[in-house]
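Within every chain, numbering begins at 1; the chains are lettered A, B, ... in the order of the sequence lines, protein sequences first and strands thereafter.
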Amino acid sequence: MQMDKSDLKIVFMGTPSFGLPSLKMLMEEGFFVRAVFSQPDRKAGRGHRMLPTPVKLLAQELDLPVYQFDKIRMPQGVEALKDLAPDLLITAAYGQILTQEILDIPKLGCINVHASLLPKYRGAAPIQWAVINGEKKTGVTTMMTALALDAGDILERDEFLIPNDMTAGELYDSLSGLGANTLRRTLEKLLVGTLERTPQNEDEATYFPMFKKGFGAIDFNQDCEKIRNFVRGTNPQPGAYILYDCHKIKVFRVECEKTDKFYKPGEVLAANAKSGLVVAAQNGAVVIRELQWPGKCKTSDRDFLCGRSIPVGTVFGSPL
RNA sequence: CGCGGGGUAGAGCAGUUUGGUAGCUCGUCGGGCUCAUAACCCGGAGGCCGGAGGUUCAAAUCCUCCCCCCGCAA
C-alpha cells in the first residue's frame with residue numbers, strides 16, 4: 001500500500017531547538033502537519049518573563065496550530081489529540097511522558113527522534129553524556145515510541161563521528177540537523193511500506209539521566225583527558241565550574257598538558273597573562289583556555305588573568 | 001515586579017563608601033640588552049570613565065531616568 005505525503009496527517013511534538021530541523025523538514029517536504037504540541041510557556045530567564053518554547057515559535061511562524069498542556073495525559077490533552085485524529089505522532093524532545101492511551105490514538109503509532117545510537121544512551125541527556133564519556137561516535141535513532149523510556153523498536157539510525165574538540169552544544173546542533181534526515185528517511189520508507197522495526201537489544205542498553213542541580217563541578221582528581229571531556233560535554237549548559245573563594249568560575253574550554261612531575265590535583269601551577277591558567281590534574285595538567293567569572297563575560301584565561309590574580313599554589317577543591 | 005554582579009585606553013581589572021590632576025597587568029609602537037627570544041630593561045601612543053539630565057566652585061565618584069552585558073534561580 002502506498003500513501004501520499006499530503007495524506008499523512010501528522011501531529012508533531014517538541015519543545016527545545018532539537019526538534020526545529022525536523023519540523024522544518026516536514027513542512028518543506030510537504031507533509032500534512034495538522035498541529036504542534038509543545039510544553040507550556042514558562043517563566044524563565046532573567047526577570048522571569050514568560051517565554052515560548054523554540055518549537056512553539058517556529059510553529060507560529062509556520063502558521064501551525066499550537067497546543068500546550070501542562071500534562072498531555074490529562075483528559076483535556078487526550079481529548080484534544082483525539083479530535084485532531086492524527087495518522088502519525090512524531091516526537092522530538094517533547095519533554096512529556098506519553099501514556100498508552102495517547103500512543104493508541106494515531107493509526108500508525110508514534111515515532112520518536114532520539115539523539116543517540118539506541119539502545120545506547122537512553123535518557124534525557126544523551127548528547128552531553130556521549131561527550132563527557134569521550135565517545136568517538138554517536139548518532140540519531142528513530143524509533144516506535146513504547147511506554148518504557150526510549151525502549152521502542154528501532155526504525156532508522158544515522159551515525160555521527162564526534163570531532164575530538166567538539167562541545168556538547170555543537171554536537172547538539174549537528175544531531176538536530178541529522179535527526180531531520182533520519183526522520184525524512186524513516187517517513188519515506190513508511191510511505192512506501194518498506195519500514196522495518198528492529199527490537200532493541202536490552203542487554204546493550206545504557207541509560208543516562210538528566211543533569212542534577214549543581215552538576216558541573218570539575219574534579220581535578222582524575223585524568224586530564226576526562227576533565228577535558230567533562231568540560232566540553234557540559235558546554236554550554238550547564239557549564240563546568242571551579243569553586244574559588246566562594247566564586248563559581250565557569251570553565252568552557254580546556255587543553256591537556258602532559259607533565260612528568262606529580263602535583264597535588266587541583267593545584268594552580270601557573271596563573272599569569274603569559275602562560276595562562278594551568279591546574280594540576282591526576283596525570284598531567286589542565287590549561288584552562290576559556291572561562292567566565294560570575295557576572296562577567298566569557299574570556300580567555302590570559303585576559304582573565306590580566307585583571308585578576310590567582311596565587312600559584314592555590315588548590316582548587318574537588319567535589320565530594 | 002524572583003535574587004544578584006557589571007559597563008573606566010585594543011583586552012582584563014582597580015579607583016566610586018570618605019567628590020578635587022585617570023591607575024595596574026597584558027597587548028601595541030619605539031629604543032636598549034642578548035648568539036637569540038614569546039625573556040629582561042627604558043620610553044611613547046592610546047580614555048568625552050555606557051547614555052541623558054540634576055546637585056556642586058568641582059562628578060568616574062552623589063541623586064534621578066534610560067540603554068546594554070552577565071551570574072544564580074527556573
- Note on the structure: Taken to the nearest whole Å, CD/Q237(A) to C1'/A74(B) is 12 Å
- Note on the structure: Quick note, P294(A) side chain, CB onward, closest among C40(B), A74(B), G71(B) is G71(B)
- P-based separation of G50(B) from C41(B) [nearest Å]: 33 Å
- Return the value, rounded to whole Å, for the distance between atom CG of L305(A) and atom P of A14(B). 14 Å
- Now, which nucleotide makes the Watson-Crick or G-U wobble pair with C3(B), with each of the two distances under 3.5 Å? G71(B)
- Item | Length of the CG-C1' vector between L243(A) and C72(B), whole Å | 13 Å
- Task: Just compare C26(B), G71(B), A73(B) and give me whichever is closest to any side-chain atom of K213(A).
- Result: A73(B)
- Scanning all shown strands, the Watson-Crick or wobble mate of A38(B) with both distances under 3.5 Å is none
- Item | Phosphate OP1/OP2 of C26(B) contacted by R302(A) side-chain N/O (<4.0 Å) | no
- Task: Could you work out which one of A73(B), A38(B), G12(B) sits closest to the side chain of H48(A)?
- Result: A73(B)
- Taking the P atom of each, how far is G46(B) from A36(B), in whole Å? 33 Å
- Paired with A9(B) by Watson-Crick or G-U wobble geometry, both distances under 3.5 Å: which nucleotide is it? none
- Item | Spacing between L51(A) atom CG and A74(B) atom P, to the nearest angstrom | 16 Å
- Query: Is there a chain of hydrophobic side chains (I, L, V, M, F, W, Y, each step under 4.5 Å between heavy atoms) that links I90(A) to L175(A)?
  - Reply: yes
- If you draw the axis of the six-membered ring of F252(A), does the NZ or CZ of K298(A) fall within 45° of it and under 6.0 Å from the ring centre? yes
- Please tell me which of the listed nucleotides, C13(B), C26(B), G2(B), lies nearest to the side chain of R46(A)? G2(B)
- Counting only side-chain N and O atoms of Q292(A), is one of them less than 4.0 Å from OP1 or OP2 of C70(B)? no
- L291(A) CG - G71(B) P separation (whole Å): 13 Å
- Who is the Watson-Crick or G-U wobble partner of G47(B), with both distances under 3.5 Å? none
- What interatomic distance, in whole Å, is found between C1' of C62(B) and the corresponding atom of U55(B)? 8 Å
- Item | Atom-pair distance (NZ on K248(A); P on G5(B)), nearest Å | 17 Å
- Between G4(B) and C42(B) - C1' atom distance, rounded Å: 45 Å
- Query: Think K296(A) has a side-chain N or O under 4.0 angstrom from the OP1 or OP2 of G71(B)?
  - Reply: no
- Message: Can you work out whether K298(A) or W293(A) has the more 5'-proximal nearest nucleotide on RNA chain B?
- Response: K298(A)
- Item | Given C72(B), A74(B), G12(B), the nucleotide with the shortest approach to the side chain of K250(A) | C72(B)
- Message: Quick check: on RNA chain B, is the nucleotide nearest G47(A) upstream (toward 5') of the one nearest T299(A), or the reverse? Name the residue that is more 5'.
- Response: G47(A)
- Which of these nucleotides, A39(B), C13(B), A11(B), is closest to any side-chain atom of K274(A)? A39(B)
- Message: Counting the benzene-type ring for Trp, do F12(A) and F31(A) have ring centres under 6.0 Å apart?
- Response: no
- Taking the six-membered ring for Trp and the single ring otherwise, decide whether the centroids of W129(A) and Y207(A) are under 6.0 Å apart. no
- Query: Within this structure, what is the CE-to-P distance between M50(A) and C1(B), rounded to whole angstrom?
  - Reply: 16 Å
- Which value, in whole Å, describes the distance between the C1' atoms of nucleotides G43(B) and C63(B)? 43 Å
- Separation of L190(A) CG from R185(A) CZ (nearest 0.5 Å): 13.5 Å
- Does Y241(A) have K248(A) sitting over its ring (NZ/CZ under 6.0 Å from centre, angle to axis within 45°)? yes
- Item | P spacing across the pair G44(B) / C24(B), given as an integer number of angstrom | 12 Å
- To the nearest Å, how far apart are H247(A) NE2 and C13(B) P? 13 Å
- Please confirm whether K9(A) makes a cation-pi placement over F32(A), using NZ or CZ under 6.0 Å from the six-membered ring centre and within 45° of the ring normal. no
- Message: Between U18(B) and U64(B), how many Å separate the two P atoms, rounded to a whole number?
- Response: 15 Å
- Message: My understanding is that a pair needs two contacts under 3.5 Å, Watson-Crick or G-U wobble. By that rule, which nucleotide pairs with U56(B)?
- Response: none
- Spacing of the P atoms in G71(B) and G12(B) (rounded, Å): 15 Å
